[in-house]
Q: 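Would you mind keeping the following structure in view while I ask a few things?
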Amino acid sequence: MKFFLDSANIHELRAAMAFGIIDGVTTNPSLIAKEGVPVEEQVRKICDLIDGDVSAEVISQSAKEMIDEGRRLARIHKNVVVKVPPIAEGIKAIYALSKEGVRVNVTLCFSAAQALVAAKAGAYMVSPFVGRVDDMGLSGIEMVRDILTIYRNYGLRTQVLAASCRGPLHVIEVAKAGAHIVTLPYKVLEQMFHHPLTEKGLEQFLSDHRKAFDLVSA
Ligand code: E4P
């Protein structure tokens with residue numbers, strides 16, 4: 001399973017990369033806006049840091065503009081994957097961009113139906129928003145399972161990138177379901193390995209070691 005960092009922040013990216021377990025990055029217009037730097041500039045910086053897929057999202061509304069914008073984003077770096085939402089105009093753009101070899105990540109996916117359409121249109125990856133579906137009182141994990149079942153049934157090669165993951169439990173559940181990729185905010189990445197019993201156990205081991213050997217050498 002690939003781990004992507006869900007962030008456009010260079011410090012977070014550097015810190016996350018130091019763990020050696022990050023395979024790519026997802027950004028969205030809100031994350032880019034937080035950095036206050038134009039999307040092209042920030043995406044280029046991210047691509048210079050990491051050798052893996054980097055998603056950058058279009059903000060246009062018509063298919064024609066999305067296609068033009070998608071082409072521009074894809075030209076920033078060979079690792080850029082263009083994010084397009086599955087609205088009607090978006091589907092046309094996903095099809096056109098995919099056909100000309102631009103890799104598309106279908107974002108803001110909230111149903112298996114949208115994911116099926118995304119795959120039919122040629123998407124490279126689809127991003128079901130697990131946490132935001134949970135927020136609606138539905139099951140984001142069930143949505144991911146349904147998408148994977150449908151893709152397997154028909155041999156569809158679109159990768160499933162579980163997005164909007166709010167904690168390690170989401171990550172484990174989408175991993176159990178077989179999602180190809182999960183994108184994690186930095187905070188969730190840290191939560192993946194922090195455990196109070198590890199910290200408590202370590203404290204005990206070190207204190208026992210100190211008591212035994214500091215006394216001997218004293
Ligand atoms: C995915 O690519 C999105 O950037 C992200 O996962 C959205 O998550 P949120 O619901 O926490 O904003």
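Atoms within a ligand are numbered from 1 in the order they appear, just like the ligands themselves.
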Q: Under 3.5 Å, is there a donor on one side chain and an acceptor on the other for Tyr186 and Asn9?
A: no
Q: To check your reading of the model: name the closest protein heavy atom to atom 8 (O) of ligand 1, its residue, and the distance in Å.
A: Ser164 CA, 3.4 Å
Q: Looking at every heavy atom in both Met125 and Ile181, which two are closest together, and how far apart are they?
A: CE-CD1, 3.7 Å
Q: If you have a sec, work out which protein heavy atom is nearest atom 12 (O) of ligand 1 and how many Å separate them, to one decimal?
A: Arg132 NH2, 2.8 Å
Q: Which residue owns the protein heavy atom closest to atom 7 (C) of ligand 1, what's the atom, and how far is it?
A: Phe129 CE2, 3.5 Å
Q: Under a 3.5 Å threshold, yes or no: a donor from one side chain and an acceptor from the other, between Gln204 and Ser207?
A: no
Q: Within a distance under 4.0 Å of any heavy atom of Ala163, pick out the atoms of ligand 1 and give their elements.
A: 1 (C), 6 (O)
Q: Give a yes-or-no answer on whether the side chains of Glu69 and Ser60 include a donor-acceptor pair shorter than 3.5 Å.
A: yes
Q: What atoms in ligand 1 come closer than 4.0 Å to a heavy atom of Arg166?
A: 10 (O), 11 (O)
Q: At a 4.0 Å cut-off, with the gap strictly under it, does some heavy atom of Asp6 reach an atom of ligand 1?
A: yes
Q: In the protein, which heavy atom is nearest to atom 4 (O) of ligand 1, and how far is it?
A: Asn28 ND2, 2.7 Å
Q: Can you see whether His77 engages Asp48 through a side-chain donor-acceptor pair at a distance of less than 3.5 angstrom?
A: no
Q: Tell me which protein heavy atom sits closest to atom 2 (O) of ligand 1, plus the residue, atom name and distance to 0.1 Å.
A: Lys83 NZ, 2.7 Å
Q: Given side chains that start at C-beta, do those of Phe3 and Met192 come closer than 4.5 Å, heavy atoms only?
A: yes
